[in-house]
Amino acid sequence: MAEMRVHRALAQAGVASRRAAEKLVQEGRVTVNGAVATIGQSVTETDVVEVDGRRVRAEPIRTYMLNKPMGVVSTASDPEGRRTVLDGLPDDVRLYPIGRLDIDTTGLLLITNDGDLAHRLMHPRSKVPKTYEALVEGRVSSAAVRALRNGIDLEDGPTQPAKVEVLDRQAAGGTWLRIEITEGRNRQVRRMCEAVGHRVRRLVRTRYGGLGLGGLDRGDHRLLSSAELVKLESQAGLAR
Ligand code: URA
C-alpha cells in the first residue's frame with residue numbers, strides 16, 4: 001500500500017475528520033508501532049496505529065472515475081436488484097459514489113472510499129463545478145439560454161447562476177447544450193431545462209471538479225492519478 005499521513009489514515013478509518021485526527025496526533029493520543037506519532041508522519045498498512053491504545057485499521061484510499069453507462073443506478077446496492085455503479089469495481093474496500101447521476105444519465109461519476117473527500121465535495125458549500133451536455137427537445141431560444149444562465153425558480157428554490165452554451169442548434173432530435181452548475185440538486189439539469197420548456201432527451205456529465213473523462217470509454221473505470229487527486233482535494237478544501 002502507498003504511504004499516507006497518519007491523520008489521513010485515521011480519517012480514512014472513520015476515527016475522525018482529517019482536522020480532528022490531526023488534533024489527536026497533536027495531543028499525543030496516537031501511536032505508530034508503540035511510539036507517539038508526529039504530525040505529518042507517514043504510515044503504511046503494516047504499521048500498527050493506535051488511538052488511546054486502541055488499534056485502528058486503515059483501508060487504502062481509492063478514488064475511481066467511472067464513465068457511467070445508461071440503466072445503472074448510482075447507489076451502493078439496489079433493493080430492486082438493478083445493476084449499480086459499483087458492479088465491476090473491486091470490492092476489497094467499501095466504495096460509494098460521490099453524489100448521484102440519474103439512471104438514464106451517463107458520464108463522469110467519482111467513486112471512493114474516502115469519506116472526508118466525498119463529504120466535502122457533496123456539501124452545498126463546496127460549489128464544485130459539474131459540466132453536462134444535454135440534448136433537449138426543440139430549438140432553444142436566446143431568452144431560454146439567458147434564463148438558464150441567470151437562475152431558474154424551481155420548487156426547491158432558485159438555482160444559482162449557471163454557465164450555458166449552445167453546442168448545436170441543428171442536431172437531430174433537438175438542441176445540444178453545455179451546462180455548468182455548481183450545485184447538485186436532485187435532477188437539477190432536467191428540471192432546469194423543463195422549466196424553460198425543453199425536455200431533456202439525453203444527459204451526459206463530461207466534467208466534475210475540473211476533471212474530465214479523457215479517453216475513458218462508456219462503462220469503463222480507472223483510478224484517479226495523483227495529479228487528479230491533488231486537484232480534487234484542493235477543490236474540496238482538503239490539504240494533504
Ligand atoms: N442533473 C440531472 O437532472 N440529472 C443528473 O443525473 C445529474 C444532474
Side-chain angles (χ1 to χ4, degrees), residues 63-78 80 82-89 95-112 117-138 140 144-145 147-167 171 173-213 216-221 232 235-236:
T63 303
Y64 294 91
M65 180 187 292
L66 170 73
N67 187 344
K68 179 189 169 301
M70 196 77 101
V72 171
V73 291
S74 294
T75 48
S77 71
D78 183 53
E80 293 174 43
R82 293 172 295 186
R83 250 177 70 104
T84 82
V85 290
L86 299 188
D87 290 348
L89 268 81
L95 294 168
Y96 46 90
I98 301 182
R100 287 182 183 201
L101 292 177
D102 302 331
I103 189 165
D104 43 0
T105 301
T106 58
L108 199 164
L109 183 67
L110 296 178
I111 294 174
T112 193
L117 179 70
H119 178 75
R120 297 269 190 134
L121 289 172
M122 287 191 283
H123 196 284
R125 221 179 26 219
S126 82
K127 302 242 180 325
V128 178
K130 301 150 193 102
T131 309
Y132 296 86
E133 292 184 8
L135 175 66
V136 302
E137 287 179 354
V140 179
V145 169
L148 289 168
R149 282 187 186 139
N150 292 340
I152 301 277
D153 247 327
L154 298 178
E155 68 267 20
D156 51 355
T159 61
Q160 294 290 311
K163 291 186 184 158
V164 182
E165 237 182 292
V166 177
L167 298 177
T175 305
W176 276 102
L177 299 175
R178 178 179 293 138
I179 302 177
E180 182 187 300
I181 58 174
T182 53
E183 304 164 277
R185 296 197 232 160
N186 190 32
R187 297 179 73 81
Q188 181 167 340
V189 173
R190 292 175 198 276
R191 290 191 292 138
M192 286 168 67
C193 293
E194 258 162 47
V196 292
H198 298 278
R199 210 169 64 87
V200 172
R201 294 191 143 178
R202 282 182 59 192
L203 190 59
V204 186
R205 182 153 73 190
T206 55
R207 301 189 68 77
Y208 183 101
L211 309 186
L213 280 167
L216 191 67
D217 286 335
R218 187 73 36 85
D220 283 356
H221 65 267
L232 204 60
Q235 289 260 349

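First listed ligand is number 1; within each ligand, the first listed atom is number 1.
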Between Arg100 and ligand 1, is there a nitrogen or oxygen pair with a distance under 3.5 Å? no

For ligand 1, find out whether one of its N or O atoms is nearer than 3.5 Å to an N or O atom of Arg187. yes

With a cut-off of 6.0 Å (strictly less than), are more than 12 heavy atoms of other residues, nucleotides or ligands near CZ of Arg185? yes

Going by the order shown, which atoms of ligand 1 are within less than 4.0 Å of some heavy atom of [X]?
X	value
Tyr132	7 (C), 8 (C)
Thr105	4 (N), 5 (C), 6 (O)
Arg190	2 (C), 3 (O), 4 (N)
Gln188	1 (N), 2 (C), 3 (O)

Under a 4.0 Å threshold between the charged nitrogen and the carboxylate oxygen, would [Y] count as salt-bridged to [X]?
X	Y	value
Arg82	Asp78	yes
Glu133	Arg178	yes
Glu180	Arg207	no

Considering heavy atoms of the protein only, find what lies nearest to atom 1 (N) of ligand 1 and give residue, atom and distance to 0.1 Å. Val189 N, 3.2 Å

Please state which protein non-hydrogen atom is closest to atom 4 (N) of ligand 1 and give its distance, to 0.1 Å? Asp102 OD2, 2.7 Å

If you compare all heavy atoms of Leu232 against all heavy atoms of Gly209, which two are closest, and at what distance to 0.1 Å? CD1-O, 4.3 Å

Give the minimum heavy-atom separation between Leu216 and Asn67, together with the two atoms involved. O-ND2, 2.9 Å

With heavy atoms under 4.0 Å as the rule, classify the contact between Leu203 and ligand 1 as side chain, backbone, both or neither. side chain

Could you list the donor-acceptor pairs under 3.5 angstrom formed by side chains in residues 102-109, with sequence neighbours left out?
from	atom 1	to	atom 2	distance (Å)
Asp102	OD2	Arg190	NE	2.7
Asp104	OD1	Arg190	NH2	3.3
Thr105	OG1	Arg190	NH2	2.7

